[in-house]
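Following: one structure in structure tokens, then a few remarks.
Chain identifiers are assigned alphabetically (A, B, ...) following the order of the sequence lines, protein sequences preceding nucleic acid strands; residue numbering begins at 1 within each chain.
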Protein chains: 2
Amino acid sequence: MFTAEFEFKVDRKGRISVPADYRSTLAHDSYSGIVLIPVEGERALEGFGNERLESLAKALDDPDTYDDEDELELVKQHFAKARRVPFDGDGRIVLPVETRKHAGITDTAIYVGGGNTFRLWHPEAYEAHKERLEAKARTRTKPVPLRLKPRKRKPEAEP
Amino acid sequence: MFTAEFEFKVDRKGRISVPADYRSTLAHDSYSGIVLIPVEGERALEGFGNERLESLAKALDDPDTYDDEDELELVKQHFAKARRVPFDGDGRIVLPVETRKHAGITDTAIYVGGGNTFRLWHPEAYEAHKERLEAKARTRTKPVPLRLKPRKRKPEAEP
DNA sequence: CTTGATTCCATTGACATCCATGAATTCCCG
DNA sequence: CGGGAATTCATGGATGTCAATGGAATCAAG
């Protein structure tokens, strides 16, 4: 479970600590480290544990998960962009150059919890992102609630 | 199950006891602590156990729970604002600064039970909130009864 | 030998853990 | 039934530990 926001320093070797809270949720994982994937369309990195990566790979094998061949190829590309980065003895990782480039991260970065995944941002990029989100939220009449179940929708066109 | 109202002190380190009654309902939880999320539009914090947070995260992974991309992003923001706070040996938590700020809590706070969740308020803010609620209630002809089932509604106008 | 990466060690400041107190409640046994 | 003992809780404070961070040492190549 990944929540909250944690800002950390990136040292001159590209190392950054992973929040102790995140590490403890990853403790059960067989792999001691995390997975980072550039988010398309955002200057951010998506992060999670190795276990989730394996689940994603499994879903890829299921012919029902993605409908067409193009989708499948595009999803595989995510695996190509994924980087598995191990913890060092003190719970740090080194951010691969490509990922740092994608997110525009230089000397600080902020972890943002998102449930089963988290994101890594350049702090200012994240602030800008939040700004945009809040603007969008203001256009809504009601706030979006946390839901446990899919909303009941009226019968759609038959699948 | 969270009920009743409990007022407690916040010490200079930001610590506050969690009602023993609440702790016992959280006892089965794997995580020894609670989750706090600022309520949008109210100077209050929503609280519940880690188990519920996991259910919410699971719902987030289900492609059917939220229909469009914007909704999804806005909901993830709730996780970013969420704070997981562990109990100390004596059943206390420390209120993170951001949450204290949001709720305007300084040296006392009141827990308000709400079924599967509870809320934390600055005592005076809660009184004001109750005031507003009662005013609204007075405009109604009938009181709102406790219901066990969703009320059947006539087909709404199509969104 | 030089460069780049990985492991190891050192510092410091926050915070989790531990301990103490008093009030209120429950328990138990006469 | 009653009163004393034993818990349980809320609360305050002290201190020991660990997380975040920087730098040195070791290792692996080119």
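If you check every strand for non-hydrogen atoms under 4.0 Å, A:V18 touches sugar and phosphate atoms only. If you check every strand for non-hydrogen atoms under 4.0 Å, B:D88 touches a base.
Out of D:dG22, C:dA16, D:dA10, the shortest distance to the side chain of B:F8 is found at D:dA10. The listed nucleotides are D:dG13, D:dA20, C:dC8; the one nearest the side chain of A:S17 is D:dA20. Among D:dG13, D:dA24, C:dC8, the nucleotide with an atom closest to any side-chain atom of A:R92 is C:dC8. Looking at the side chain of A:R23, the nearest of the listed nucleotides D:dG13, D:dA10, D:dA20 is D:dA20.
In this structure, B:I16 atom CD1 and C:dA16 atom P are separated by 16 Å, rounded to whole Å. As a whole-Å value, the separation of B:R15 CZ from C:dT17 C1' is 10 Å. With rounding to whole Å, A:D21 atom CG is found 15 Å from D:dA20 atom C1'. Rounded to whole Å, atom C1' of D:dA20 lies 16 Å from atom OH of A:Y22. Atom pair B:F87:CZ and C:dC18:P shows a separation of 17 Å (rounding to whole Å applied). Atom OH of A:Y111 is separated from atom C1' of D:dA19 by 13 Å (rounded to the nearest Å). We find that CG of A:D107 is positioned 14 Å from C1' of D:dG22, with the value rounded to whole Å. As rounded to whole Å, 14 Å separates atom P of D:dT26 from atom NZ of A:K13.
B:E5 and B:Y126 share a donor-acceptor pair across their side chains, judged by distance under 3.5 Å alone. For B:E51 and B:H28, the side-chain atoms include no donor-acceptor pair closer than 3.5 Å.
For A:D90 against D:dC18, a side-chain-to-base donor-acceptor contact under 3.5 Å is absent. At a cut-off of 3.5 angstrom, the base of D:dG23 holds no donor-acceptor pair with the side chain of A:R12.
Note that CG of B:L60 and CG of B:L56 are 8.5 Å apart. Values are rounded to the nearest 0.5 Å.
At distances below 3.5 Å, at least one donor-acceptor pair connects side-chain atoms of A:H102 with backbone N or O atoms of A:V39.
In this structure, B:F118 and B:Y22 have tilted ring planes: the angle between them lies in the 30° to 60° band.
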